[in-house]
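The structure appears below as structure tokens.
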Amino acid sequence: MHDLVLRLPDDFHVHLRQDADLPAYAREARDRFGRVLVMPNLAPAVLRAEDVIRYRQAIVEAAPGLEPLMAFKLTPRHEAVELRELAEAGAVAGKVYPEGVTTNSEDGIHDLRQIWPLMEVLEETGLLVCCHGEKPGAFSLDREERFLDEFCETASRFPGVKFVLEHVSTAAAVRAVGSLGRNVAATLTLHHLEITLDDVVGGMLKPHLFCKPLAKRPEDREALRQAAFSGSPKFFYGTDSAPHHKGKKECAAGCAGVYSMPVALEGLVDVFDRAGELDRLEDFCSSFGADFYGIPRSTRTITLHRSPWNVPDLVDGVVPYRAGETMPWRIASVSDS
Ligand code: NCD
Ligand code: ZN
């Protein structure tokens, strides 16, 4: 097979950044995705209705044709009236950041139970809760697993609220999401389907593969791959493409984040193709996420062509995922409607 036609995918977890950085990153996303759930960890954060409106406007101006789905940083300090305003402004999800676990999360929560008082209004407004699932203070490789108790307790206690466990990185998280109710789903990234901690620190240090949550053990990666190939609607694509300029990664205190967007669909097709699972790809990247978020599946299509190309060493000042490697699939065209 040389051509692959897919329903236009959605990316349910992306960092588009802000100001001068935004246009290039947003256009890179538009080349591959119809809708993107845009993460709010800017400085200052996307917190209130006016922030959502302003940020969405900046994205739409930077990359006409890309449809941003807006998330805000959900904190225990939010008032019910603010959440209602956020929903009216078109926000679809609140993102919870535990304290200090990733980029711009210094003001995060200690425990998910801190947002229990907001659950009633979250249910009433239909806002989803997206969780960065890592426990502050836990040993780095155990942080995701240590978050699961409070996540499971919260998601079971509030079945009228939808929860997404973001960028899962462990077999334990896959099991937890699988065992919870229909109000719970998880996103999977391209890089967590491909790499383990050994790719990051097992030989020479690879700062461009350093991200949160850290890539884990081979058996964890295998569980993530099986989840992606399973056909379960609980698992769908969120790239967590998180660009940081080259100098912010290649330094003494490097930022966490993998810039996967320049290969985010090409690489995913390659993963499914090499596993003999292309039949499962469209549901994973173009259908299950929209279904969970309660939005219509896209009616547009994207065509990929089997034709090798080399990933540049640098894209807009950032070293992309798979830099310098040859990718077997390239994007040929995107339909208008
Ligand atoms: C993300 C970023 O840089 O904003 N970094 C990362 O390692 N994934 C934040 C996040 O999603 O954790
Ligand atoms: Zn992220």
Side-chain angles (χ1 to χ4, degrees), residues 10-19 21-22 25-26 28-29 33 36-47 55 59 68-74 93-109 128-136 138 140-141 143-144 147 151 164-170 173 185-195 197 199-201 205-216 224 236-251 253-261 264 289 316-321:
D10 302 311
D11 179 356
F12 279 97
H13 184 133
V14 72
H15 301 270
L16 297 181
R17 310 305 189 201
Q18 64 202 107
D19 303 329
D21 289 328
L22 168 65
Y25 304 155
E28 202 70 52
F33 296 97
V36 290
L37 183 70
V38 190
M39 290 298 122
N41 61 333
L42 311 182
V46 178
L47 272 176
Y55 191 31
I59 295 165
L69 304 170
M70 304 307 293
F72 61 93
K73 197 186 259 193
L74 177 61
K95 173 82 185 279
V96 173
Y97 287 96
E99 183 187 3
V101 293
T102 192
T103 309
N104 294 336
S105 62
E106 297 74 16
D107 56 349
I109 61 166
L128 281 84
V129 177
C130 298
C131 296
H132 183 114
E134 291 194 288
K135 187 70 184 164
S140 60
L141 290 174
R143 276 177 206 163
E144 185 170 277
F147 182 78
F151 181 74
V164 181
L165 192 55
E166 298 293 334
H167 41 51
V168 289
S169 66
T170 56
T187 53
L188 293 164
T189 78
L190 170 61
H191 49 283
H192 288 97
L193 295 178
E194 293 203 292
I195 65 170
L197 189 58
D199 295 294
V200 191
V201 295
L205 176 64
K206 299 287 172 49
H208 303 291
L209 298 179
F210 169 60
C211 67
K212 300 298 179 71
L214 291 169
K216 306 281 186 329
L224 304 176
F236 50 85
Y237 199 25
T239 63
D240 194 19
S241 175
H244 294 277
H245 290 177
K246 189 173 196 257
K248 297 264 187 194
K249 299 282 288 178
E250 299 178 6
C251 59
C255 295
V258 172
Y259 187 34
S260 55
M261 190 53 76
D316 297 306
V318 183
V319 177
Y321 184 56

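Quantities reported herein were computed from a predicted structural model and do not represent experimental measurements. Counting starts at 1 for both ligands and their atoms, following the listed order. Reckoned from all heavy atoms, side chains included, excluding hydrogens, waters and symmetry mates.
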| message | Check for me: within less than 2.8 Å of the Zn ion (ligand 2), which protein N/O/S atoms show up? | response |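 Counting only protein N, O or S atoms under 2.8 Å from the Zn ion (ligand 2), the list reads H13 NE2, H15 NE2, D240 OD1.
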| task | For R17 and P243, indicate whether the former's side chain and the latter's backbone hold a donor-acceptor pair under 3.5 Å. | result |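 Side chain of R17 to backbone of P243, a donor-acceptor pair under 3.5 Å: yes, one is there.
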| field | Donor-acceptor under 3.5 Å (D11 side chain, T239 main chain) | value | yes
| said: Residue by residue, ordered by chain and number, which ones reach under 4.0 Å of ligand 1 with a heavy atom? | reply: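 Lining ligand 1: H13, H15, R17, N41, T102, T103, H132, H167, C211, K212, D240, A242, H244, A256, G257.
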Return the minimal non-hydrogen interatomic distance between [X] and [Y], and the atom names on each side.
| X | Y | result |
| --- | --- | --- |
| V36 | A29 | CG1-CB, 4.3 Å |
| K212 | A256 | CG-CB, 3.6 Å |
| N104 | K73 | O-NZ, 2.8 Å |

| What residues, two or more places apart in sequence or in another chain, satisfy side chain to side chain donor-acceptor pair (under 3.5 Å) together with S260? | none
| field | Partner residues of D316 under the side chain to side chain donor-acceptor pair (under 3.5 Å) criterion, sequence neighbours left out | value | none
| message | Quick check: do F33 and M261 have side-chain heavy atoms less than 4.5 Å from each other? | response | yes
| task | Could you tell me whether K249 sits above the aromatic face of F210, with NZ or CZ closer than 6.0 angstrom to the six-membered ring centre and within 45 degrees of the axis? | result |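 Relative to the ring axis of F210, which defines the angle, K249 lies outside at least one limit.
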